[in-house]
Novice: 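The following block contains the structure, expressed as structure tokens.
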Amino acid sequence: MNSTEDSLTTASARAGAETGGEAGEAGGEASAETGREAIVRAARRAFTLRPYAEVTMRGIAADAGVSPSLIVKRFGSKEALFNTVADFRAAADELFAAAPPALGRHLVLTMVALRDRLRGDPLLRVVFSLGIEDERTLLRARFREQVTDRLAAALTGPDTQLRAELIAGQLLGLGATLSLHRPDGAGSHAGAERLADLYAPGLQRLIDGP
């Protein structure tokens with residue numbers, strides 16, 4: 001892993017730490033959802049930092065603050081958990097929940113909100129996952145289908161696929177920049193609205209097209 005990737009994944013791991021355990025599952029619907037989110041966050045970190053074969057349910061459980069048996073109960077297997085992590089649809093639903101004329105600003109504000117809520121970037125794992133070729137291929141295919149192709153279908157005018165790829169790249173760049181300079185960078189203190197003021201116009205030009 002190069003120094004940039006190491007900075008990104010280390011920052012993500014620090015930001016993603018969360019306590020909680022199996023007892024939280026008995027505390028009601030909100031606790032159950034929090035437990036699930038903690039497992040998914042831990043799994044994202046694990047599958048980003050290490051190849052699939054080196055990831056263990058026990059290690060994910062320790063990071064999430066739950067028991068391995070709870071992960072089996074909620075997800076069934078490591079493969080099923082990986083497939084959950086390799087799914088970008090939930091993030092895409094929120095990122096693209098705006099009409100094209102307002103989409104640029106919405107993308108920036110939603111990306112920042114998702115990073116705060118998920119305690120990690122919802123898209124960057126497609127770039128920095130260390131898995132074997134089959135796993136990286138699956139992540140890239142899912143990303144293209146669930147993010148890039150979906151965005152291209154919502155655009156009008158010429159070069160919709162190219163513009164969608166460039167927009168996706170800018171979103172990944174925004175996430176990488178915020179991760180790289182966390183926690184003391186200017187972006188960490190700028191606020192979502194200021195980031196949108198500066199970053200959204202470039203996105204909106206690509207959305208609007210020529």
Side-chain angles (χ1 to χ4, degrees), residues 1-18 33-34 37-38 40-42 44-45 48-49 85 87-129 139 143-144 146-157 159-210:
M1 182 185 297
N2 62 37
S3 58
T4 300
E5 292 177 43
D6 186 64
S7 298
L8 291 171
T9 52
T10 299
S12 176
R14 287 175 179 168
E18 173 175 324
E33 184 59 25
T34 299
E37 290 176 357
V40 171
R41 278 197 295 270
R44 284 177 179 150
R45 288 191 295 272
T48 298
L49 289 166
V85 170
D87 193 325
F88 300 94
R89 284 175 296 186
D93 285 345
E94 296 191 48
L95 285 167
F96 302 145
L103 186 57
R105 189 172 191 87
H106 174 83
L107 286 171
V108 178
L109 295 176
T110 304
M111 174 63 78
V112 174
L114 284 171
R115 287 173 55 85
D116 290 343
R117 194 176 80 232
L118 299 175
R119 301 184 183 183
D121 193 282
L123 302 180
L124 270 181
R125 62 190 182 277
V126 74
V127 178
F128 295 111
S129 177
L139 279 170
F143 186 89
R144 174 174 289 277
Q146 297 171 359
V147 178
T148 311
D149 289 352
R150 177 174 172 179
L151 177 57
L155 300 178
T156 59
D159 301 318
T160 55
Q161 190 68 33
L162 174 59
R163 285 156 52 207
E165 290 176 6
L166 293 173
I167 293 165
Q170 288 204 26
L171 286 176
L172 291 169
L174 175 61
T177 299
L178 294 175
S179 293
L180 182 64
H181 297 288
R182 178 183 276 179
D184 298 321
S188 300
H189 305 291
E193 294 291 341
R194 183 55 179 158
L195 287 172
D197 289 342
L198 295 170
Y199 208 81
L203 289 170
Q204 193 62 49
R205 282 193 292 273
L206 287 169
I207 293 165
D208 294 340

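Positions are given from 1, in the same order as the sequence printed here. The model shown is predicted, which means the values in this text are computed figures rather than measured ones.
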Novice: What distance separates Leu178 CG from Leu195 CG, expressed to the nearest 0.5 Å?
Specialist: 6.0 Å
Novice: Within a strict 4.5 Å, meaning less than it, do heavy atoms of the Phe143 and Arg125 side chains meet?
Specialist: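 Not touching, per the 4.5 Å side-chain cut-off.
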Novice: Do Leu151 and Val147 touch side chain to side chain, with heavy atoms closer than 4.5 Å?
Specialist: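 No; the side chains remain at least 4.5 Å from each other.
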Novice: CD/Glu193 to CG/Leu109 distance, rounded to the nearest 0.5 angstrom?
Specialist: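 Result: 5.0 Å between the selected atoms.
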Novice: Examine distances only and state if a side-chain atom of Arg105 and a backbone atom of Ala200 form a donor-acceptor pair shorter than 3.5 Å.
Specialist: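 Not a single qualifying donor-acceptor pair exists.
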Novice: Going through the distances and angles, do Asp93 and Arg150 end up as a salt bridge (Lys or Arg N to Asp or Glu O under 4.0 Å)?
Specialist: CA-CA 10 Å; Asp93 285 345; Arg150 177 174 172 179; 2.7 Å; yes
Novice: Would a distance-only check, ignoring hydrogens and angles, find a side-chain to backbone donor-acceptor pair under 3.5 Å from Arg163 to Ile207?
Specialist: yes
Novice: Heavy atoms only: give me the nearest Val112-Ala192 pair and the separation to one decimal.
Specialist: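 Reported closest heavy-atom pair: CG1-CB, 3.9 Å.
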Novice: I need the minimum non-hydrogen distance between Leu123 and Asp121, along with the two atoms involved.
Specialist: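 Shortest heavy-atom contact: N-OD1, 2.8 Å.
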Novice: Measuring from atom CD of Glu94 to atom OG1 of Thr110, what distance do you get when rounded to the nearest 0.5 angstrom?
Specialist: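 The distance works out to 7.0 Å.
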Novice: For a quick test of reading the model, state the closest non-hydrogen atom pair linking Ser179 to Leu124 and the distance between them.
Specialist: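 Closest approach of Ser179 to Leu124, heavy atoms only: OG-CD1, 3.9 Å.
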Novice: In Å, rounded to the nearest 0.5 Å, how long is the span from CG of Leu155 to CD of Gln161?
Specialist: 9.5 Å
Novice: Is any side-chain heavy atom of Thr156 closer than 4.5 Å to one of Pro100?
Specialist: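 SC-SC contact between Pro100 and Thr156 ruled out.
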Novice: In Å, rounded to the nearest 0.5 Å, how long is the span from CD1 of Ile167 to CG of Leu162?
Specialist: 9.5 Å
Novice: Is there a side-chain contact between Leu118 and Arg44 in this structure, where contact means two heavy atoms from C-beta onward sitting under 4.5 Å apart?
Specialist: yes
Novice: Tell me, do Leu95 and Leu114 make a side-chain contact under 4.5 Å, heavy atoms counted?
Specialist: yes
Novice: Determine whether more than 12 heavy atoms belonging to other residues, nucleotides or ligands lie under 6.0 Å from atom CZ of Arg194.
Specialist: no
Novice: How long is the span from the CD atom in Glu165 to the CG atom in Leu206, to the nearest 0.5 Å?
Specialist: 11.5 Å
